[in-house]
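Structure first, then comments.
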Amino acid sequence: LKEKHKILHQLLQNSTSPVDL
Amino acid sequence: PEAADLRALARHLYEAYLKNFPLTKAKARAILSGKTGDNAPFVIHDMKSLMEGEQFINCRQIPLKEHHHHHQQQQTSALTAGLGGAHQGSEYGFLGMTSISEEGPQDALELRFFHSCQSRSAEAVREITEFAKSIPGFSELDLNDQVTLLKYGVIEVLIIMMAPLMNKDGTLISYGQIFMTREFLKSLRKPFSQMMEPKFEFSVKFNMLELDDSEMALFLAVIILSGDRPGLLNVKPIEQLQETVLHSLELQLKLNHPISLQLFAKLLQKMTDLRQIVTDHVHLIQLLKKTEVDMCLHPLLQEIMKDLY
């Protein structure tokens, strides 16, 4: 599931650092 | 759990809510009821005022964004932003959209507007994710289950968060700087015209429950912690977390609304309506994807909506 949801996964893993959406 | 613990949990979630969602219900209702004095929102009610609205936003935002490289894209997205509250001058990437005021066929306008809404929604998903991570115990759940809870929860949360921005006549967008009328949204070409109407119908009824921001925070956490999402690996700890938040919400409602005896039950019933709205919304987006040649769905939203319902 994590592999199919890379961005969500990234948002969950990264703390408050801005993610380039 | 002790009442004191439940109240501490309510306070904690309220603080996380304020931290992640700056356009609170209190602020939105003040704007909608005209209590903000000179700062009345700009009203968009037709194509002409839509163009003017963009100018209005550009004028206001340039001083805030002098340092930024992506002026035009930011402003376009600021114009349509605000569904659910947003950081002023948010720094996150957008779809490379062109400005709404650029010349182009009318048909493209709805698509551009729609793309701006998508960018704002993607940013809101990030805010919701941060809020979810602040729920005690959430980050300790199986990572696959965290993904599942967000995948199924975020659109429901987005729709709940629109409610405070809406009244029967329209909705605040762009961090509360703009009020877009319901009639204007209904006048867009199909199927865009059908997108917001069910949310207005839901919001008008939901707003009658008169929740405050602290109760909204607890309700959002309850939605996120739904143990019946498809594909969850370990339901038990999720249900335990949700139960504690539900106790806290029930207590908060009793304290804040002593004469609304069935409020807790009425609120829980809204979760059923919400699932139907999300299902219809996702089907509408899937229809758009098929029928609109120029339609591109934001990668994060695509990820969420794929195999959803």
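Letters A, B, ... mirror the listed sequences (proteins, then strands); counts begin at 1.
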Could you tell me which of B:Leu150, B:Asn144, B:Asp307, B:Val154 has the largest number of non-hydrogen atom pairs under 4.5 Å with chain A? B:Asn144

Heavy atoms only: give me the nearest B:Arg126-A:Leu11 pair and the separation to one decimal. CG-CD2, 3.5 Å

Taking everything shown except B:Gln240 itself, do over 12 heavy atoms lie less than 6.0 Å from its CD? yes

Can you tell me which portion of B:Ser139 sits under 4.5 Å from chain A's heavy atoms? Options are side chain, backbone, both or neither. neither

Applying side-chain contact (heavy atoms from CB on, under 4.5 Å) to A:Leu8 and B:Val125, what does each step give before you reach the verdict? CA-CA 9 Å; A:Leu8 267 186; B:Val125 170; 4.2 Å; yes

Check whether any side-chain N or O of B:Gln146 sits under 3.5 Å from a backbone N or O of A:Leu12 as a donor-acceptor pair, and report yes or no. no

Identify which of A:His5, A:His9, A:Lys4 forms the greatest number of heavy-atom pairs closer than 4.5 Å to chain B. A:His5

